[in-house]
Amino acid sequence: MSDSLLGELKAALDARAAAGLLRRRRLLESPQGAHVRVDGAEVISFCSNDYLGLAQHPQLIAAMQQGAAEAGVGSGASHLITGHHRYHQALEQALAEFVAMPASLLFSTGYMANLGVITALLGRDDAIFADKLNHASLNDAAVLCRAQLHRFAHNDMVMLERQLATSTAKRKLVAVDAVFSMDGDLAPLTALLALCERYDAWLYLDDAHGFGVLGPHGQGAAAAFGLYSDRLIYMATLGKAAGVAGAFVAGAQLVIDYLQQSARSHIYTTAAPPALAATLLTALPLIAQQDWRRQHLHHLIAMLQSGLQHGRWPLLPSATAIQPLLVGDNHQALALSEYLLARGLLVPAIRPPTVPAGTARLRISLSAAHTVDDVQGLLTALHAAAQEIAA
Ligand SMILES: *Cc1c(COP(=O)(O)O)cnc(C)c1O
């Protein structure tokens, strides 16, 4: 192989390393949870999306084992060939009921769901309207579908309305994170749906961080805001609060029928193992019935917020499990993350380009698996760091 091909890659990696942007995988040696073994050390982790603490729930482990014993480990085919197991069918039905929408369709990941739905619905003559802070998978979907892309400033409904009003596209779709993944704040869902009604656009909600957490029994952001509309297409992932893996899209029956025929990332891929669907069928009632998990999570969120109220670094306004501590400077954010790690607290520093320049932050993710003592330990360490870390 030519030296120049490899040389280019090496130069790119070296440049990333020199800019302090090289990312490294940590080695997890325990189940996912609040207390984990990472890179050989026992730490309290504030960086998983396992918001309800279900990822190592004994009933779910048993459900996966039983599902595998009954249905085997692989689905063996795509959904439209012979991979659509009765567990998948039951899960699609249960998910639609859970979010009170007519029908749902499974995808293997949230990333694939976003690519599949948006490329199925939009083409060259159409337009997509996207919040600037949307998840990378929505951005990728917007490019892949070849529709005209309009990005609006974060949660800026005036700018969105201007874009919708002047668009001459045949079909319009507004796509947003319901809960923004790096900021933890919510999209103005009611205003978004009203604009979509007014300008006859689809509303596509990516509720990766709201499903299981928001709504009276964890039904997610759309339920929390009482949004019901045939133009609403709802996507949630099943590897975060639900504790397992996968994703689903819910909407009007016709939308789901259409996607089943045309979403390429649903069609041209092997169905997820039926045992995962069996596990999720056991997870759904736990999510719905165990309100104490959400109550405990919200108690921890309030505790963190009041403990950091007058601290050196402010928390960004967020009512969700994602609580970003705004540090600003890249090196200081990194120093703070390292300070905490030395004290057994794992909190990742998020820097540009993942977030805008000058807004480096610690992304604190809380979970129902955390104890009050875990959060108190984090508060104590952050107060000490505020004294000890140089400006
Ligand atoms: C995690 C995430 C996804 C991707 O979901 P996966 O199931 O992990 O592929 C999509 N959108 C948002 C907002 C996310 O946070």
Side-chain angles (χ1 to χ4, degrees), residues 23 25 28 32 46-52 54-55 88 91-92 95 99 104-119 128 130-145 151 154-155 173-189 192 203-214 218 220-222 224 233-250 263-266 269-273 276-277 279-280 283 287 316 318-324 348 350 354-355 361 363-367:
R23 302 176 69 171
R25 301 189 295 188
L28 184 65
Q32 187 58 267
F46 291 94
C47 48
S48 94
N49 306 313
D50 178 25
Y51 300 127
L52 297 181
L54 293 176
H88 296 125
L91 179 59
E92 286 182 342
L95 286 165
V99 297
S104 92
L105 187 69
L106 286 172
F107 287 80
S108 292
T109 71
Y111 193 116
M112 290 170 72
N114 284 345
L115 293 188
V117 175
I118 288 175
T119 58
I128 179 166
D131 190 289
K132 281 222 163 125
L133 295 192
N134 275 354
H135 190 261
S137 55
L138 281 178
N139 295 340
D140 292 356
V143 172
L144 192 63
C145 75
R151 297 179 84 200
H154 181 48
N155 280 350
L173 180 143
V174 175
V176 296
D177 287 20
V179 175
F180 289 89
S181 57
M182 292 300 140
D183 291 55
D185 62 337
L186 294 166
L189 300 183
L192 281 162
L203 176 58
Y204 184 74
L205 289 186
D206 175 340
D207 199 25
H209 300 280
F211 183 78
V213 174
L214 301 175
I233 303 171
Y234 177 87
M235 192 286 285
T237 61
L238 300 167
K240 288 172 179 161
V244 189
F248 71 99
V249 174
R264 298 172 65 84
S265 58
H266 173 82
T269 193
T270 302
L276 290 185
T279 313
L280 284 156
I287 296 170
L316 294 178
S318 157
T320 67
I322 302 166
Q323 292 289 318
I350 311 284
T354 307
V355 293
R361 64 197 65 179
R363 183 174 180 271
I364 303 167
S365 296
L366 294 174
S367 162

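Order of appearance sets the numbers: ligands from 1, and atoms from 1 within every ligand.
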Pairwise side-chain contact, [X] with [Y], heavy-atom cut-off 4.5 Å (strictly under):
{"X": "I322", "Y": "R363", "value": "yes"}
{"X": "Y204", "Y": "N114", "value": "yes"}
{"X": "I233", "Y": "L203", "value": "no"}

Within reach of ligand 1, part of [X] (heavy-atom separation under 4.0 Å):
{"X": "T109", "answer": "both"}
{"X": "H209", "answer": "side chain"}
{"X": "A247", "answer": "neither"}

Students should be able to answer this: which protein heavy-atom is nearest to [atom], and at what distance?
{"atom": "atom 11 (N) of ligand 1", "value": "D206 OD2, 2.6 Å"}
{"atom": "atom 1 (C) of ligand 1", "value": "K240 NZ, 1.5 Å"}
{"atom": "atom 7 (O) of ligand 1", "value": "G110 N, 2.7 Å"}
{"atom": "atom 4 (C) of ligand 1", "value": "Y111 N, 3.6 Å"}

Quiz question: by atom type and distance under 3.5 Å, do the side chains of [X] and [Y] form a donor-acceptor pair?
{"X": "D140", "Y": "Y111", "answer": "yes"}
{"X": "D177", "Y": "H135", "answer": "no"}
{"X": "N134", "Y": "D206", "answer": "no"}

Is the centre of the F248 ring less than 6.0 Å from the centre of the F211 ring?
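Distance test on ring centres: under 6.0 Å, yes.
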
Give the atoms of ligand 1, by number and element, whose distance to some non-hydrogen atom of S137 is under 4.0 Å.
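Heavy-atom distances to S137 below 4.0 Å select 10 (C), 11 (N).
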
Relative to the heavy atoms of T237, which atoms of ligand 1 are at a distance of less than 4.0 Å?
5 (O), 7 (O)

